[in-house]
Protein chains: 2
Amino acid sequence: MTIYEIAEKADVSASTVSRVINNKSSVNKKTRNKVQKVLDEYNFSLNETARSLSTNQSKMIGILVADIRNSHYTDIAYETETNLLENGYCSIIINAGNTAERMRESIEILSKRQVDGAIIIGSIFQNKVVEKTLKKNFNDRPIIFLNGSLPNKNVYNLVVAEDEGVKESVYLLKEHGYKHILFMSWMETASNTLKIKGYKEGISNLGYTTYLLNITEKEIKTHNSDVLINYLKLNPQIDAIISSDDLLATLTIKCLTENNINIPNEIGIIGINNSEYCYITTPSLTSLDNKQSELGQLGAQSLINLLNNKSVSKKIQIFPEIIERESLR
Amino acid sequence: MTIYEIAEKADVSASTVSRVINNKSSVNKKTRNKVQKVLDEYNFSLNETARSLSTNQSKMIGILVADIRNSHYTDIAYETETNLLENGYCSIIINAGNTAERMRESIEILSKRQVDGAIIIGSIFQNKVVEKTLKKNFNDRPIIFLNGSLPNKNVYNLVVAEDEGVKESVYLLKEHGYKHILFMSWMETASNTLKIKGYKEGISNLGYTTYLLNITEKEIKTHNSDVLINYLKLNPQIDAIISSDDLLATLTIKCLTENNINIPNEIGIIGINNSEYCYITTPSLTSLDNKQSELGQLGAQSLINLLNNKSVSKKIQIFPEIIERESLR
DNA sequence: CTGAAAGCGCTTACAG
DNA sequence: CTGAAAGCGCTTACAG
């Protein structure tokens, strides 16, 4: 069923039908009612593809994410999708993986699909290939980059100041009486680098000693917790650990508990993400809430603003917040 | 840049350019090379919207999910999206929430967007409103319903036989010497009803006694584990618990551990989902793998088959598998 | 093997 | 307030 068929049944022109559908003011009330009746009677459903072609607006947004199964990304993707939909935009979500080739390909796909803009999620996209591909195939439409940043003129960068958050975590540990703070991580991402930066600044400002431990995922998942335990044997003065994310913190708690090290008395622990993991551990986990949901919402809203020709800052920062639970004394 | 402009530069007609782009056989090699050179030179990117309009195929699939943040759905959505993309289809993902109104709306949106088919994820969509809306606005394109079922003629239902899996879990507990098995849940979903059905069948086949406990999310999350502990005091013979999902199992372990009840000696525990939670608990969690990823893959593949006019069964069942870890003696 | 033309289903500037 | 016509950027049956 097309507007031409509706027009025929309603005995008007397609132009008029179109005007009724789009709520243009210039339609006589009687005509409008007549057309609307036919529209309803035939349960008319507009072909958005055709509309897109003629208006040159797809009302679709591309969302690029490495792997939506990563809970960080899931939250952000959820927030962006729902907020965009409320504003009349559908989301094409692509899991672009972590290879440059797939990233390039994904951007090209979104470009061909004529999305009106894009949201890129995750610092893993902060690289030369993405930068160049965007310049080549996506330089005429706005892009929001969440948790990363790129210099392209059409890219607007929104980041959570995780470095500040980790710095605050160091200060909080001091307030709770901890003096030898280990920063433990297992991913070599831009986000992790930022966290380490904040850790170092905090430690340095307090005149404390830096303890850094990077552990592989395999090492810790295979119950081979020797790496951490050995490190603690070599550095028995350590009395607090900041884990780069809650899952790692959870595994750390498991490891310490199995080795009869008391949390929070012997060692205090802070995780990052404030995820569901925080309340399933014993003791429950104090964690840095890095505001991923807010980031997603703000990202969607910023993109909407850009699409409506409102101005948006090229770089926006939001700040995490520490949620205290039982893992600190 | 359109194919007409390319045609002009290459001194051929737009038809020929189109044929080159679509790799039609009937183009002279020389002509093809000449056109391809211009295409490359100008970094031509085809407008898929225009193509969709003229071919009457959008090469887009709608994915309907209540809330992608639910890890079940995340896995399925990931698998469907990646598999569809490999086959040239983009995915519009809509978080439709759990109200009938939003579900209806979401289906209408996908219909207007001219998606070639849809994948519906989760038994929550198994209701009259969805059934009717599909009949009204989406009866001419194939739909794959994952983890639920609807009678519409264009809907193909794929389910995991969770009832069978839970029944097997009951048998496994018997093999491990457990005799009084509690089934514990906290969600009133169609999936949970199915699990309880399997539990009851297994228990009945063994001549065991049925123990069912439904706990609210709030009750357990607020550290108020009294409900479970009280239940165990009233039924001290209970020596095994099947939890309706891993998260609940994790919280159960936390609760029992805090009350000095030994797992797996005093009480054995089985979770459902075989998720990341399984290896962060002490002891690690034996769990029913309900094959959500396989379900997603199979769903995508089935949809592709339907779109290629291959036949697909109206109802497909796959079976879960128990992954044993340390929570059974 | 190639091109001119019609068509996909809308929107919108223009004329009345 | 309304309609005829052109245009959005492709594909494809038809003719040569």
What is the distance from [atom1] of [X] to [atom2] of [N], rounded to the nearest Å?
X: A:K30; N: D:dT2; atom1: NZ; atom2: P; value: 11 Å
X: B:L53; N: D:dC8; atom1: CG; atom2: P; value: 14 Å
X: B:I3; N: D:dC10; atom1: CD1; atom2: P; value: 5 Å
X: B:D11; N: C:dC1; atom1: CG; atom2: C1'; value: 15 Å
X: A:K112; N: D:dG9; atom1: NZ; atom2: P; value: 17 Å
X: A:I6; N: C:dG9; atom1: CD1; atom2: P; value: 13 Å

Could you pull out all donor-acceptor pairs under 3.5 Å where a side-chain atom in residues 88-100 of chain B meets a protein atom, sequence neighbours excluded?
residue : atom : partner : partner atom : Å
B:N95   : OD1  : B:I68   : N            : 2.7
B:N95   : ND2  : A:E81   : OE1          : 2.9
B:T99   : OG1  : B:R102  : N            : 3.2

For residues 293-307 of chain A, the side chain to side chain donor-acceptor pair (under 3.5 Å) pairs (sequence neighbours left out) are A:E79-A:Q297

The dot-bracket string of DNA chain C, counting Watson-Crick and G-U wobble pairs with both distances under 3.5 Å, using [ ] for crossing pairs and | for pairs to another strand, is |||.||||||||.|||

Every protein N/O lying under 3.5 Å from an N/O of nucleotides 12-16 of chain D:
residue : atom : partner : partner atom : Å
D:dT12  : OP2  : B:K24   : NZ           : 3.4
D:dT12  : O4   : B:S15   : OG           : 3.3
D:dA13  : N6   : B:R19   : NH2          : 3.1

TODO: Report the C-alpha separation of A:K128 and A:E131 in whole Å, then their side-chain angles, then the decisive distance to 0.1 Å, and conclude whether the side chain to side chain contact (heavy atoms under 4.5 Å, CB included) test is met.
DONE: CA-CA 5 Å; A:K128 280 292 168 199; A:E131 184 180 337; 3.3 Å; yes

* Asked: Judged by atom type as modelled, is there a donor-acceptor pair below 3.5 Å linking the side chain of A:N192 to the main-chain atoms of A:E188?
  -> no

Exercise. May I ask you to list the residues of residues 32-50 of chain A, by number, that have any heavy atom positioned under 4.0 Å from an atom of DNA chain D?
Key: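 Of all residues in residues 32-50 of chain A, none places a heavy atom under 4.0 Å from DNA chain D.
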
Review point. Mind checking what makes salt bridge (Lys or Arg N to Asp or Glu O under 4.0 Å) contact with A:R104, not counting sequence neighbours?
Key: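 A:R104 satisfies salt bridge (Lys or Arg N to Asp or Glu O under 4.0 Å) with A:E101, A:E108 only.
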
- Closest to side chain of B:S26, choosing from C:dT11, D:dT2, C:dT2: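 So the nucleotide nearest the side chain must be C:dT2.
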
